[in-house]
Asks: 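Encoded as structure tokens, here's the structure I'll be asking about.
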Amino acid sequence: MAETLERTRAEAPDTVAELDAVIIGAGFSGMHMLKSLRDQLGLKARVYEAGETVGGTWYWNRYPGARCDSDAYIYCFTWDKQLLQEWEWSERYPEQPEILRYLEHVAERHDLKRDMQFNTRVTGAAFDEAAKLWTVRTDTGQEIRTRFLVTAVGSLSTTNLPQFKGLETFGGKWFHTSSFPRGGVDFTGKRVAVVGTGATAVQAIAEISQQAKQLTVFQRTANYCVPARNGKVDPELTAARKADYDGVIKRTRESFFGQEHYFIPKSALDATPEEREREFDRMWDCGGFAFWLGNYQDMFFSQEANNLCADYIKRKIRRTVKDPTVAEKLIPKGYPYGTKRQPLDTNYYETFNKENVLLVDASTDGPIEEITEAGIRAGGKEYGFDIIVFATGFDALTGPLKALNLQGRGGRTLDEEWAEGPRTYLGVAVAGFPNLFTITGPQSPSVLSNMPVSIEQHVEWITDCVDHMRKNGKALIEATPGAQDRWVAHVNEVVSATLMPKANSWYMSANIPGKPRAFLPYLGPEGVGGYRKTCDDVAAKGYEGFDLT
Ligand code: NAP
């Protein structure tokens, strides 16, 4: 690894380079952005990536059980029509290594790596007002001058490792799920702790319990989990989808969440109990996000309607978990269903029926107090471990952008601009930061959608915008403060009509101590379809809300 790093750096281009576009990150978004700017527009573009290959999220998140939560047939690039026909996914939700293989294949097929520099972290970028260029710095000591700067850093890529007292004293090994060692961790015969019960932990816990001698799960907030129902996809269904890929693409692009799930156009309160139960059973049996994103249309708005959905899941938990005390600990309390990201489970609740699995719940057993040399002390009791796995999530959306140390006009930083929460225009631009584009940035649908759909929408929009600028002899594009103010107000107004603010979720910035409470993505009234129209309208009106100079 060290040798590869040295070699890659030695082969790195000149210390000072001039480019049309710098793209930060080589995940889904960076790969597509490079393809578009380089092969469609002919720009001199280059990707800088901290990892040693492509993949982004799918390069870093290698914990046991890591797999996509969207059906694979829509969790892929749609711009390579031939590949859509050729590629065969092995199951409904492929595992991390398979998705990484897919991305490697795309990179090779489109010769993307030629313009990517790996093992290189961007450490800062400053806008030079006189030259109208960005100067980008890397940890390899390079300085790159570029007209356009595109962040493709993902929404969930800055690790949240809570500052537990005593972590440095722990005598065993510990890992965060977002940076598991290559080759995995052998849990065989080990006493293992998992801290956290979010979507990551829900995937990892069932897997780790199969290997570990003893698994102890530290839960702070119980989650509403629904079954993923992973498995082989019926070949006839796959063939039908392939035959109608244009239709699939159109439908996902126009949909609410970038998925083929649609709300039931009715209030849950207007359905009879029998009808509701039938619908709930249907969604539950369908698996995946159906229960979350295809439920009654007032589920996200009416607490009464939401309670009916929540009660159904609570009944399922009580029926599945044999020990009633454990079941009660696993019952979510204090926030509406669906206002935290829906974890998809494969035998998650069943795992707590196993002899070797223990649940330590912060409310009933006491919160984590400290990490000790031997393990974890919680609620006054010490639990001994060989391995601790932190599945404690991310500093979502704003974290990865702030970490880039960007300086816009007048040397202003995002820390300063976003001291009270993110402020963007359309989630793709920031006033005072000319020629900066943020793919799936804060206040865009991003994490509330099937990511590839939102990524493609942003990449296409940015590509059209750059093309427009070149054709019209414009050097700079910059969101106006007024347009940004209106967008921020709109994002907050829309979400305030929903139940989302009632949860202490990472959507609400609540998982990071001291992070200003603000809703991070955009939950537009018409979802990703409506958002796409808004962005297209802005472009059609000559980039309304932007100054083009
Ligand atoms: P997460 O949803 O933020 O969950 C973190 C967990 O750690 C929560 O249970 C949280 O408790 C707990 N935690 C955090 N700080 C803690 C502390 N100081 N003490 C005790 N517990 C603490 O993170 P995640 O599970 O990694 O998931 C993040 C997101 O990644 C997901 O929501 C999803 O969008 C994405 N994801 C996607 C996939 C996929 O598509 N395949 C898979 C996994 C994850 P609280 O709930 O009380 O905060």
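For ligands, and for the atoms within them, numbers begin at 1 and follow the listed sequence. Along the sequence shown, the residues carry numbers beginning at 1.
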Asks: What protein heavy atom sits nearest atom 48 (O) of ligand 1, and how far away is it?
Replies: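 Result: R220 NH2, 2.9 Å.
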Asks: Is the gap between the ring centers of Y522 and W487 under 6.0 Å?
Replies: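 Yes: the rings meet the under 6.0 Å criterion.
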Asks: Nearest to atom 3 (O) of ligand 1, what protein heavy atom do you find, and at what distance?
Replies: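 Of the protein heavy atoms, W506 CD1, 3.4 Å lies nearest.
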Asks: Can you confirm whether Y349 sits close enough to R319 that some side-chain heavy atom of one is under 4.5 Å from a side-chain heavy atom of the other?
Replies: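 Side-chain contact under 4.5 Å: no.
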Asks: Output yes when the distance from some N or O of ligand 1 to some N or O of T197 is under 3.5 Å, and no in every other case.
Replies: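 Yes.
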Asks: If you have a sec, work out which protein heavy atom is nearest atom 37 (C) of ligand 1 and how many Å separate them, to one decimal?
Replies: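 Atom 37 (C) of ligand 1 sits closest to the protein heavy atom R341 NH2, 3.3 Å.
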Asks: Do E260 and Y73 have side-chain atoms, one donor and one acceptor, less than 3.5 Å apart?
Replies: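 Yes, side-chain donor-acceptor contact under 3.5 Å.
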Asks: What part of F394, side chain from CB on, backbone N/CA/C/O, both or neither, has a heavy atom under 4.0 Å from ligand 1?
Replies: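 Side chain only.
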Asks: State whether a side-chain donor-acceptor pair under 3.5 Å links T398 with K515.
Replies: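 Their side chains do contain a donor-acceptor pair, which is all the 3.5 Å distance test asks for.
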Asks: Verify whether the ring centers belonging to Y102 and W87 lie closer than 6.0 Å.
Replies: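 Yes: the rings meet the under 6.0 Å criterion.
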Asks: Just going by heavy-atom distances, which of F164, Y75, Y93 is nearest to atom 19 (N) of ligand 1?
Replies: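 Checking each option, the heavy atom nearest atom 19 (N) of ligand 1 is found in F164.
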Asks: Report the residue from I439, V428, T440, L404 that forms a side-chain contact (heavy atoms from CB on, under 4.5 Å) with T151.
Replies: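 Of the listed options, the one satisfying the test is L404.
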Asks: What protein heavy atom lies closest to atom 24 (P) of ligand 1? Include the residue and the distance to one decimal.
Replies: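 So the nearest neighbour among protein heavy atoms is T200 OG1, 3.2 Å.
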Asks: Regarding R62 and the six-membered ring of Y59, is the cationic atom NZ or CZ under 6.0 Å from the ring centre and inside 45° of its axis?
Replies: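 Geometry flag: set, cation within 6.0 Å and 45°.
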Asks: Under a 4.0 angstrom heavy-atom cut-off, which atoms of ligand 1 come close to P162?
Replies: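 So the answer, numbered in order with elements, is 15 (N), 16 (C), 17 (C), 18 (N).
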Asks: Quick test: of every protein heavy atom, which one is nearest to atom 12 (C) of ligand 1, and how far off is it to 0.1 Å?
Replies: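 Going atom by atom, the protein heavy atom closest to atom 12 (C) of ligand 1 ends up being G196 CA, 3.7 Å.
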Asks: Considering A391, A228, A204, which one's heavy-atom position lies nearest to atom 5 (C) of ligand 1?
Replies: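 Heavy atom nearest to atom 5 (C) of ligand 1 belongs to A391.
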Asks: Would you say A199 has any N or O atom under 3.5 Å from an N or O of ligand 1, going by distance alone?
Replies: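 Looking only at distances, the answer is yes, because the N/O contact criterion of under 3.5 Å is met.
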Asks: What protein heavy atom sits nearest atom 41 (N) of ligand 1, and how far away is it?
Replies: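 Here the closest protein heavy atom is R67 O, 2.4 Å.
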Asks: Does F175 have its ring centroid less than 6.0 Å away from the ring centroid of F390?
Replies: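 Not under 6.0 Å, so no.
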Asks: For atom 30 (O) of ligand 1, find the nearest protein heavy atom and state the residue, atom name and distance (0.1 Å precision).
Replies: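 Of every protein heavy atom, L156 CD1, 3.4 Å lies nearest to atom 30 (O) of ligand 1.
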Asks: Examine the side chains of E91 and N230 and answer whether a donor and an acceptor come within less than 3.5 Å of each other.
Replies: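 Side chains of E91 and N230: pair found under 3.5 Å.
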Asks: Has K340 got any heavy atom lying under 4.0 angstrom from an atom of ligand 1?
Replies: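 K340 counts as a contact of ligand 1 under the 4.0 Å cut-off.
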Asks: Would Y63 count as a contact of ligand 1 if the rule is a heavy atom under 4.0 Å away?
Replies: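 Yes, Y63 has heavy atoms under 4.0 Å from ligand 1.
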Asks: Which residue supplies the protein heavy atom nearest to atom 4 (O) of ligand 1, what is that atom called, and how far is it?
Replies: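 The answer is G198 CA, 3.6 Å.
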Asks: Taking only Lys NZ, Arg NE, NH1 and NH2, and the carboxylate oxygens of Asp or Glu, determine whether E460 and R253 approach each other closer than 4.0 Å.
Replies: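 Result for this pair is yes, salt bridge flagged.
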